[in-house]
Amino acid sequence: METCPSVKNILLLDSEGKRIAVKYYSDDWPTNNAKEAFEKAVFNKTQKTNARTEAEITMLENNILVYKFVQDLYFYVTGGEDENEIILAAVLQGFFDAVGILLRGNVDKREALENLDLILLCIDEIVDGGIILETDANSIATKVASNSVDAGAPLSEQTISQALATAREHLARSLLK
């Protein structure tokens with residue numbers, strides 16, 4: 001039986017292996033402790049490698065792990081042991097490049113934390129429920145950027161950060177009157 005390619009998780013960790021942005025799409029790690037243990041294992045297995053120019057691929061706990069580093073950020077995409085490495089690498093590259101576009105090339109931990117909403121939207125544009133939707137970085141970044149500046153959207157369709165920004169604008173206008 002053929003199934004469409006899927007992703008078990010997307011991880012963005014810092015240079016100490018701490019979580020910045022993570023999304024899990026699999027029941028392989030049912031608890032937060034299990035997720036944190038997996039992230040620690042992933043980081044310990046990969047931290048000594050030099051995945052700065054090209055993505056690296058390894059196996060961990062019967063999963064294929066594709067990863068790439070820039071500055072103090074570690075990008076990971078995990079798939080099942082029978083997933084296609086090339087497809088997982090395309091997901092990773094799309095995520096990596098889209099984050100680079102959204103952060104205007106300033107890809108480091110501080111920028112990532114300041115723009116966490118964009119990174120989480122980025123992950124949501126790439127994968128939904130484990131199913132790969134998009135791997136083209138320009139398409140991903142365009143969708144995320146258009147979502148994040150649409151202040152005219154009804155509040156029900158805005159992200160929390162957009163809604164807060166809209167509320168701040170309305171408050172500032174009411175105070176200036």
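Here the shortest heavy-atom pairing between I126 and I140 reads CG1-CD1, 3.4 Å. Pairing each heavy atom of A21 with each of L116, the nearest pair is CB-CD1, 3.9 Å. When all heavy atoms of Y67 and I57 are compared, the pair lying nearest together is CE2-N, 4.3 Å. The nearest pair of heavy atoms linking A112 to L73 is CB-CD1, 4.0 Å. Closest of all the heavy-atom pairs between V66 and A89 is CG1-CA, 3.8 Å. Contact detail for M59 and I64: the closest heavy-atom pair is SD-CG1, 3.6 Å.
Between N84 and P5, every side-chain heavy-atom pair lies at or beyond the 4.5 Å cut-off. Side chains of F95 and C122 form a contact here, defined as non-hydrogen atoms less than 4.5 Å apart. Looking only at side-chain heavy atoms (C-beta outward), I10 and F75 stay at 4.5 Å or farther from each other. A heavy-atom distance below 4.5 Å is not found between the side chains of L133 and E125. Side-chain contact between Y25 and V127 is present, with heavy atoms from C-beta onward closer than 4.5 Å. Using a 4.5 Å cut-off on side-chain heavy atoms (C-beta onward), I132 and S6 make no contact. Looking only at side-chain heavy atoms (C-beta outward), E39 and V22 come within less than 4.5 Å of each other. Using a 4.5 Å heavy-atom threshold, the side chains of L12 and I119 count as touching.
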Step by step, would you call R110 with E114 a salt bridge (charged side-chain N to carboxylate O under 4.0 Å, His left out)?
CA-CA 6 Å; R110 191 180 60 78; E114 285 177 8; 2.8 Å; yes
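Heavy-atom contacts from other residues, nucleotides or ligands closer than 6.0 Å to CG of D27 number 12 or fewer.
I20 and L92 fall within the same hydrophobic cluster, where Ile, Leu, Val, Met, Phe, Trp and Tyr residues are linked whenever their side-chain heavy atoms come under 4.5 Å apart, directly or through other members. Taking hydrophobic clusters as Ile, Leu, Val, Met, Phe, Trp and Tyr residues chained together by side-chain heavy-atom distances below 4.5 Å, L11 does not share a cluster with L118. Hydrophobic clustering (ILVMFWY, side-chain heavy atoms < 4.5 Å, transitive): V70 and V77 are in one cluster. Residues V7 and V99 share a hydrophobic cluster, clusters being chains of Ile/Leu/Val/Met/Phe/Trp/Tyr side chains in contact below 4.5 Å.
Cation-pi geometry between K68 and F96 is met: under 6.0 angstrom from the ring centre, within 45 degrees of the axis.
Note that the CD1 atom of I123 and the CG atom of D128 stand 12.5 Å from one another [nearest 0.5 Å]. Rounded to the nearest 0.5 Å, atoms CD (Q93) and CD (E54) are 9.0 Å apart. Rounded to the nearest 0.5 Å, atoms CZ (F38) and NZ (K8) are 8.0 Å apart.
Judged by distance alone, with hydrogens and angles left aside, the side-chain atoms of D136 form a donor-acceptor pair with the main-chain N or O of S139 at under 3.5 Å. The main-chain N or O of L65 is never found under 3.5 Å from a side-chain atom of N63 such that the two would form a donor-acceptor pair.
T78 and Y24 share no donor-acceptor pair across their side chains, judged by distance under 3.5 Å alone. Judged by distance alone, the side chains of N9 and K23 never bring a donor and an acceptor atom under 3.5 Å apart.
A salt bridge is defined here as a Lys NZ or Arg NE, NH1 or NH2 lying under 4.0 Å from an Asp or Glu carboxylate O, and K109 with D14 meets this definition. Salt bridge status for K40 with E36: absent, with no side-chain N to carboxylate O gap under 4.0 Å.
Taking the six-membered ring for Trp and thresholds of 30 and 60 degrees, F69 and Y74 have ring planes inclined between 30 and 60 degrees apart.
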